[in-house]
Trainee: 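Pasting a structure below so you can have a look.
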Amino acid sequence: MKALLINQVESFVQNPAPLQLSTVDDPIPGKGQILIKVAVCGVCHTELDEIEGRTPPPHLPVVPGHQVIGHVIQSGFSASKFKPGERVGVAWIYSACGHCKFCLSGQENLCDYFQATGRDVNGGYAEFMVVPEAFAFFIPEVFSDVEAAPLLCAGSVGYRSLRLTNLKNGQNLGLSGFGASGHLVLKLVRFQFPDVQVFVFSRSEQERYFARELGATWAGNFEDTAPQKLDAVIDTTPAWKPVIEALGNLKSGGRLVINAIRKEAIDKDFLLRLDYPTHLWLEKEIKSVANVTRQDVIDFLELAASIPILSQVQEYAFEDANQALLDIKKRNIHGAKVLRID
Ligand SMILES: [Zn+2]
Ligand SMILES: [Zn+2]
C-alpha cells in the first residue's frame, strides 16, 4: 500500500517535506483488530510535534495520522463488533491497558500504557490501517467523511478541554488560538451554553475575522486585554506568551486549560514575565489536557451529530500532506485540514 512515513526526527525549517510517500506492506488485522480502508485523515499540529521531536515516535519509521475515517475491510480473529463495509473512525487513543487504576476509573487517557495512533503505532496517512475494534468508533451518518475526521481529535479533545474548564452558562470563555479545535469548541459552546460570551485571541486577522463570523463576542491579538474578565480560557497555541496573557485575563478563581501535547521553546523567555499577583494570585488555576478517552469521543460524536456541528474543512490531496503541515506551521489556518486518501 501507499503510506506517508516519518523516517526521522528533524526540523521542519531544514526539511519542509519530511513525510515521504512510500510503498509498504499492507497491514494484517491481528486478534481483536479490524482492517480499515482509509478514506480521509485529519491533519493535526501533533504531527509537527512528532516530526520535530517534541513528542517523538518511539519507533521509526511510523505512519502518522490520528483522525481517521474509513471502512472496515476485514475483521481479525475474535473481532465481531463491525460488519465489512461499515464506516468507522479512529482517534488519538489506539489502546490502553484496561486494568490499571486509571483505566478502571474512566481515565484511560492517563494510562501508563496509553498508545497513541500515528505515533506509537501506525496511523491513517496510508491506504489501510489496523486498529483494535474496541478502539474504533461508529460515525454518525449526518457527517460526510471530511466533516467527521476533525471531530476525532480537534473536536473530541476540544470537548474534553471544555469539560475541564467547569464552565457554566452565563460565564465568559476565552479561546486562545483559533485553529481546528477552537472553531469546533466555539460552535459547541454556542449550542451548549447559549449565554456564554466567547472572547478569541489570535495573532491572525483571518482567524479573528473567522471567529467573529462564528459568533465570538470579541476577537483580539494575544497582548490585547479582553473587554471583560474571563471565567476560563482554553489555550490551543504552541507558544508561551498566550499562557501568560490568558492568566492576566482570568477572573479571580478562573481556570486556564492548556490543550497542547507539547509547547515549543521559541518564546519560553516570556515565562519570566509571570507576575504572581497579576497572573496567579487569587486562586487562579492551570490545568493541562492529556489525550482523550473513548468515552470523550463517543459523547462528543453523539453531541456533535445532534446539533449538528459541521467542521469548516480545507481538503488536501494525499500527496500534499507536507504542504498541509507547512500551512499549520505557518499558522495559515482556517478551520480544520483533512487529507483525502482514497
Ligand atoms: Zn490531534
Ligand atoms: Zn491502564
Side-chain angles (χ1 to χ4, degrees), residues 1-5 21-44 62-96 98 108 115-156 292-306 308-311 313 315-319 321 336 338-342:
M1 67 168 181
K2 280 194 297 182
L4 287 159
L5 299 178
L21 190 58
S22 312
T23 301
V24 300
D25 291 344
D26 288 1
I28 296 165
K31 187 181 173 192
Q33 293 186 328
I34 50 173
L35 174 68
I36 299 169
K37 184 169 196 319
V38 179
V40 302
C41 187
V43 181
C44 180
V62 72
V63 179
H66 56 265
Q67 306 185 86
V68 190
I69 300 289
H71 293 87
V72 177
I73 296 284
Q74 192 191 337
S75 296
F77 175 67
S78 85
S80 58
K81 182 176 165 189
F82 299 100
K83 293 190 233 8
E86 238 170 339
R87 186 167 73 149
V88 294
V90 186
W92 175 246
I93 183 166
Y94 187 88
S95 67
E108 61 187 3
Q115 283 194 302
T117 310
R119 184 193 61 189
D120 304 323
V121 289
N122 287 336
Y125 284 25
E127 290 179 288
F128 299 96
M129 74 170 287
V130 293
V131 66
E133 65 169 3
F135 290 81
F137 303 94
F138 289 103
I139 299 299
E141 275 177 28
V142 62
F143 304 117
S144 69
D145 293 347
V146 285
E147 283 165 349
L151 305 177
L152 293 163
C153 178
S156 300
V292 71
T293 66
R294 280 174 284 178
Q295 200 59 49
D296 291 326
V297 180
I298 291 165
D299 291 348
F300 178 67
L301 285 174
E302 193 186 311
L303 186 60
S306 73
I309 293 181
L310 299 180
S311 319
V313 175
E315 240 181 274
Y316 291 73
F318 188 35
E319 307 75 53
V338 173
L339 300 182
R340 180 163 285 286
I341 291 172
D342 78 353

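Since the structure is predicted, the reported quantities are computational estimates derived from the model, not experimental observations. Excluded from the calculations below are hydrogen atoms, water molecules and symmetry mates; all remaining heavy atoms, backbone and side chain alike, are included.
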Trainee: Specify the closest pair of heavy atoms between K81 and A136, including all atoms of both residues, with the distance to one decimal.
Mentor: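 Minimum heavy-atom separation between K81 and A136: NZ-O, 3.0 Å.
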
Trainee: Looking only at heavy atoms, what is the nearest atom pair of C41 and G124, with distance?
Mentor: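 Between these two residues, the closest heavy atoms are CB-O, 3.5 Å.
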
Trainee: May I ask you to check if R294 and F135 form a cation-pi contact, with NZ or CZ under 6.0 angstrom from the six-membered ring centre and within 45° of the axis?
Mentor: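 Judged by the rule (NZ or CZ under 6.0 Å from the ring centre, within 45° of its axis), R294 counts as positioned above F135.
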
Trainee: Working to the nearest 0.5 Å, report the span between CG of L339 and OH of Y316.
Mentor: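 So the gap between those two atoms works out to 9.5 Å.
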
Trainee: How would you list, by chain and number, every residue that makes a ring pair (Phe, Tyr, Trp, His ring centres under 6.0 Å) with F128, sequence neighbours excluded?
Mentor: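 With sequence neighbours excluded, F128 shows a ring pair (Phe, Tyr, Trp, His ring centres under 6.0 Å) to no residue whatsoever.
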
Trainee: In chain order, what residues pass the side chain to side chain donor-acceptor pair (under 3.5 Å) check against D296, with sequence neighbours excluded?
Mentor: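 By the side chain to side chain donor-acceptor pair (under 3.5 Å) rule, D296 matches R160, R163, T293.
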
Trainee: To the nearest 0.5 angstrom, please state how far the CD atom of Q115 sits from the OG1 atom of T117.
Mentor: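 One finds 9.0 Å between CD of Q115 and OG1 of T117.
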
Trainee: Between A126 and V63, which heavy-atom pair has the shortest distance, and what is it?
Mentor: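 Where A126 meets V63 most closely, the heavy atoms are CB-CG1, 3.9 Å.
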
Trainee: Donor-acceptor pairs under 3.5 Å, side chain of residues 32-40 to any protein atom, not counting sequence neighbours: which ones?
Mentor:
from: Q33; atom 1: OE1; to: G30; atom 2: N; distance (Å): 2.8

Trainee: Under the side-chain contact (heavy atoms from CB on, under 4.5 Å) rule, collect the residues that match up with A317, sequence neighbours excluded.
Mentor: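 A317 satisfies side-chain contact (heavy atoms from CB on, under 4.5 Å) with E319, D320 only.
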
Trainee: Suppose the criterion is side-chain hydrogen bond (donor to acceptor under 3.5 Å, both in side chains): which pairs have a residue in residues 67-80, not counting sequence neighbours?
Mentor: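 Sorted pair list comes back empty.
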
Trainee: Got a sec, which pairs hit salt bridge (charged side-chain N to carboxylate O under 4.0 Å, His left out) with one end in residues 125-145, sequence neighbours left out?
Mentor: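 Counting only pairs at least two positions apart or across chains, the salt bridge (charged side-chain N to carboxylate O under 4.0 Å, His left out) contacts touching residues 125-145 are R87-D145.
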
Trainee: Which heavy atom in V68 sits nearest to a heavy atom in G65, and how many Å separate them?
Mentor: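 Residues V68 and G65, closest heavy atoms: CG2-O, 4.0 Å.
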
Trainee: So does K2 get a backbone contact from the side chain of T23, meaning a donor-acceptor N/O pair under 3.5 Å?
Mentor: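 Side chain of T23 to backbone of K2: no pair is present.
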
Trainee: Return the set of residues passing side chain to side chain donor-acceptor pair (under 3.5 Å) with D299 (not counting sequence neighbours), or none when no residue passes.
Mentor: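 By the side chain to side chain donor-acceptor pair (under 3.5 Å) rule, D299 matches Q295.
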
Trainee: What residues, two or more places apart in sequence or in another chain, satisfy ring pair (Phe, Tyr, Trp, His ring centres under 6.0 Å) together with F82?
Mentor: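 Residues passing ring pair (Phe, Tyr, Trp, His ring centres under 6.0 Å) with F82: F138.
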
Trainee: Please report the interatomic distance OH(Y94) to CG(D120), rounded to the nearest 0.5 Å.
Mentor: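 CG of D120 is found 10.5 Å from OH of Y94.
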
Trainee: Roughly how far, to the nearest 0.5 Å, is the CZ atom of F300 from the CG atom of L152?
Mentor: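 The CG atom of L152 sits 9.5 Å away from the CZ atom of F300.
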
Trainee: Return the minimal non-hydrogen interatomic distance between L151 and E147, and the atom names on each side.
Mentor: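 So the minimum-distance heavy-atom pair works out to CG-O, 3.6 Å.
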
Trainee: Considering only heavy atoms from C-beta outward, does the side chain of R119 approach that of W92 to under 4.5 Å?
Mentor: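 A side-chain contact exists here, since the closest heavy-atom pair is under 4.5 Å.
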
Trainee: Between atom CE of M129 and atom CE of M1, what is the distance when rounded to the nearest 0.5 Å?
Mentor: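 Reported value, rounded in 0.5 Å steps: 9.5 Å.
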
Trainee: If I compare all heavy atoms of A3 with all of V24, which pair ends up nearest, and what's the gap?
Mentor: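 Smallest heavy-atom distance, with atoms named: CB-CG2, 3.9 Å.
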
Trainee: Who are the side-chain contact (heavy atoms from CB on, under 4.5 Å) partners of S306, not counting sequence neighbours?
Mentor: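 For S306, the residues satisfying side-chain contact (heavy atoms from CB on, under 4.5 Å) (neighbours in sequence not counted) are L303.
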
Trainee: Residues in side-chain contact (heavy atoms from CB on, under 4.5 Å) with A148, at least two apart?
Mentor: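 With sequence neighbours excluded, A148 shows a side-chain contact (heavy atoms from CB on, under 4.5 Å) to I69, I139, F143, given in chain and number order.
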
Trainee: With sequence neighbours excluded, tell me which residues meet side-chain contact (heavy atoms from CB on, under 4.5 Å) with I28.
Mentor: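 By the side-chain contact (heavy atoms from CB on, under 4.5 Å) rule, I28 matches no residue at all.
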
Trainee: Using salt bridge (charged side-chain N to carboxylate O under 4.0 Å, His left out) as the criterion, list what pairs up with E302, not counting sequence neighbours.
Mentor: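 Per chain and number, E302 pairs via salt bridge (charged side-chain N to carboxylate O under 4.0 Å, His left out) with no residue.
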
